[in-house]
Amino acid sequence: MVYRFAGPMNPSDSTSAPAAIQPDGHDGYRPDLVEAKWQARWAERHTNEPDLDGAARPFYNLMMFPYPSAEGLHVGNMFAFTGSDVFGRFQRLRGFDVFEPIGYDAFGIHSENYAIKLGINPAELIPRNIANFRRQLTRVGGMFDWRHELSTTEPSYYKWTQWLFLQLFKAGKAYKKKAAVNWCPNDKTVLANEQVLNGHCERCGAAVEQRFLEQWFFRITDYAERLLDNLDDKSKMDWSDTTTTAQRNWIGRSEGAELTFEVDWDPDDTITVFTTRPDTVFGATFLVLAPEHPLVEQLTTSDQRHAVEAYRKAAAAKDLVSRKVGEKEKSGVFTGTYAINPASEERIPVWIADYVLMDYGTGAIMAVPAHDERDFEFATKYGLGIERVIAAPGDDAGAPLAQAYVETTGATLVNSGEFDGMAPDKAKRAITDWLAKQGLATVRVQYRLYDWCISRQRYWGPPIPIIYCDDCGPVPVPEKDLPVILPAIDDFRPDDTGISPLARHEEWYFVPCPTCRKRARRETDVSDTFLDSAWYYLRYPSSELDDRPFDRARTAKWCPVSTYIGGNEHAVLHLLYSRFLAMVLQELGHVAFEEPFRKFRAHGLIVKDGAKMSKSKGNVVIPDEYIDRWGADSFRMYLMFLGPFQEGGDFRDAGINGIRRFLDKVWHLVGQSLAEGERGGEVLRPVLAKWHRTKKKVTDDVESLGYNTAIAAMMEMLNTIRESSCCEHELVEEFVVMLAPFAPHFAEECWERLGHGTSVFDARWPGYDPALLVDDTAEVAVQVGGKTRGRVTVARNAAEAVVVEAARAEPRIAKFLDGKSVQKVVYVPNRLLNLVVG
RNA sequence: GCGAGCGUGGCGGAAUUGGUAGACGCGCAGGACUUAGGAUCCUGUGGAGCAAUCCGUGGGGGUUCGAGUCCCUCCGUUCGCACCA
């Protein structure tokens, strides 16, 4: 590139700058033609199909795959995909071999419910939805490698989902146990927790019940510590803080102790509780067990039996969600039995109450009403003892409590025997050690995380590949017999039994036992959709292979995923399950890494009228009409310009034409550059500096997903170019390259007009010269007493004295200094001068 | 209730992380070119004021030469989690 340095521009000359670029308005940019042309070319030329086996610089650019709804791809999906695609194209221009696959997460209860409503089998419905999504995804111009498109509902995919289940089963990581599910008696179906609103079915409003069914679980809790520790390992995971924080909270590690309480009528019978506050054990005035606790039966005395039975029954009838989030009013009943507090040796009553959950800790607690809000509320309601054992600095040991005192900092123990005066944090350990010596305590780490229930008593999912034989027990389906095909049946609607519809189909249900060949029965539950999506990134690179789930060499080349972009609504479940599976697969020797996503960034959510887009709210915006009117490139760029990509925002269409105008102007600039030929070659020094600053800013911003400001910087640059009537050929070319991630078809067409026979994505991202980033003069703001009073233009890095003199010479500034003396001078070179006056 | 985030013109949003608040775009106003313009091109556009100037980043207080940015406090709002012992 040849630049002529014309020195600093004289501002007074700028008034004469002519509008060198005349619009013609008619033979201009036609997005419909340009986009169709390039989409066809990309397909013909295999532009977006990297050599998966031989790529020199592989970059796996993954976006969360969509659920192919009947309404079609909406603006929220397009926002997310475009943001990811911009990044992929940027990396391509930086010389990486980018693999950007796409697929469909099409199993699950949403599809099934919709199919039930229409009375059409989802197996018929889903392909139509997918065809529509494929059409839309092509239109929006993503650089998808269509050779590797997949759907989780294809037998060629779910064969391997089932294979995955078998690997976990064989490794002892899958097991079956009875667990509660939400049951809607009206829809006769199992509901997910999020489908229960205030104890009622989301769809029909019927009160939801609790049922106990045998379910398959994966032992994710075995990995709690690793899942937690890796979050802090930057060499394995570069994730946004909001996401790692959410995972940390979900895993919910807490340190404490298990304490043993003897039952007063028989020291051999004991109740074990988990507590994070062993320091308060002297204040434990009663015990509470979960109603389902197995010891309740033997602890209940005959005169309390009736009340206890009634309470347990009532608790069981409540559905899971209202038990957890419904009425907060505490309730419970006395079992009639007493236990001995191991510290105070007091005799304390044993109660049951549904505020204690069976699936956390040991299902039993020691209640310390003085220092726990829930226990305080319960003790107050039932007139149980409240014994203070922690005192704040000024408090008297005997002072009564109006509410639970839960602070620990600065406080000390009281009424706790030899531990009086100790700080709670120290006492936790001291008391645990003291009780441990008597065999009554063990240190314990507890997690909030629970095992992953993968059973769904539904139709639309991959059948769990297990066969039950009366003689052999549960037998895994031999791998050679996979996939267990989900049969095409008409009556896929769930019924009152709580058993999957598949059980009604004898020809499918009964099979010979793989081991002894006797008649046996298939597992009729299907697996959770989160299992489908927990490994799809492994399948993409190997999707054409039908003899293995993922090829070892391909996986080693492309995984872990380089950059993964998706919604924060999956911050916990999807991302945690994927991490868990990767750890298991690594242990079993199938993959070489334990963290599947090297870099993860959450995009923001596009809402409409303040609400998430959903069909039920009737606020779904479909991109097609906007693409028809403005073109995919304008719409892509508009979505990226709306606001920060990682924050999202409210969708409105005001302003798309601003982007379209910008592209029109670039179109004309390209034409102008061609018409001017070599004569367009003069770039004034200030324009040149601005250009290099722009290249730096756009590079940095795109790198950090700051798309809105990157676009703003390009707009600013275009304004500068037009003001200075510059259309130097190479500058225009570089400008087109920088625009390409945002407006790929447009950039291709401009690139071709500029005389290139190859794709713009085979060009290189422009570099910048750090030496040219700055002008040789600087405008320094001048403050008097902290208020900005004017500005002076001085040489770059001018000495303080020079700037002060220049400031004093400026009448608008000088008048604020009249009759005052300068007490202090604060000078920030090239930025600001503050004259502090007396 | 707990946790995380956010609050800036008529609107979407910028602000090198303590240094010229409002970049860029929309909208709006005036003008140019037009048979016409919902096209295009100039110019202007935080509020008040004729002006000098003053006031302005949810409210109040503080630190600092200097605060949208840091600290305290209150209000509003969004998103998670939800009796986790």
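We name chains A, B, ... by the order of the sequence lines, and we start the count at 1 in each one.
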Torsion-based syn/anti label for B:rG59, 90° from 0 as limit
anti
Regarding B:rU17, purine or pyrimidine glycosidic angle vs 90° from 0 gives syn
Expected string for nucleotides 47-58 of chain B under the B/S/- scheme (protein heavy atoms, under 4.0 Å, primed atoms plus P, OP1, OP2 as sugar-phosphate) is -----SSSS---
Going 5' to 3' along nucleotides 20-30 of chain B, which nucleotides have protein heavy atoms under 4.0 Å from the base (write B), which only from the sugar-phosphate (write S), and which from neither (write -)?
BS-BBSSS---
Using the salt bridge (charged side-chain N to carboxylate O under 4.0 Å, His left out) rule, collect all pairs that involve residues 273-282 of chain A, keeping only residues at least two apart or in two chains.
A:Arg277-A:Asp279
What pairs with A:Tyr707 under ring pair (Phe, Tyr, Trp, His ring centres under 6.0 Å), at least two apart in sequence or on another chain?
A:Phe645, A:Phe742
Taking only residues two or more places apart in sequence, or in another chain, which ones meet A:Tyr405 in a ring pair (Phe, Tyr, Trp, His ring centres under 6.0 Å)?
none
Measure CG/A:Asn568 against C1'/B:rG80 and give the value in whole Å, please.
9 Å
With a 4.0 Å cut-off on heavy atoms, is A:Asn834 in touch with a base, just the backbone sugar-phosphate, or nothing at all?
base
Qualifying residues under side-chain contact (heavy atoms from CB on, under 4.5 Å), relative to A:Arg660, sequence neighbours excluded:
A:Tyr29, A:Pro31, A:Trp630, A:Ser634, A:Asp664
Quick check on B:rA39: is either OP1 or OP2 less than 4.0 Å from any side-chain nitrogen or oxygen of A:Arg660?
no
What residues form a side-chain hydrogen bond (donor to acceptor under 3.5 Å, both in side chains) with [X], not counting sequence neighbours?
X	answer
A:Arg248	A:Asp232
A:Thr221	A:Asp451
A:Asn719	none
A:Trp250	none

Using Watson-Crick and G-U wobble pairs with both distances under 3.5 Å, what is the 5'-to-3' dot-bracket string of RNA chain B, with [ ] for crossing pairs and | for pairs outside the strand?
(((((((..(((......[....)))((((((.......))))))(((....)))..(((((..]....))))))))))))....
Contacts under 3.5 angstrom, residues 829-838 of chain A side chains, donor-acceptor by atom type, not counting sequence neighbours:
| residue | atom | partner | partner atom | Å |
| --- | --- | --- | --- | --- |
| A:Asn830 | OD1 | A:Asn797 | N | 2.7 |
| A:Asn830 | ND2 | A:Asn797 | OD1 | 2.8 |
| A:Asn834 | OD1 | A:Gly786 | N | 3.1 |

No-hydrogen, no-angle side-chain donor-acceptor test under 3.5 Å, A:Ser821 and A:Gln823
yes
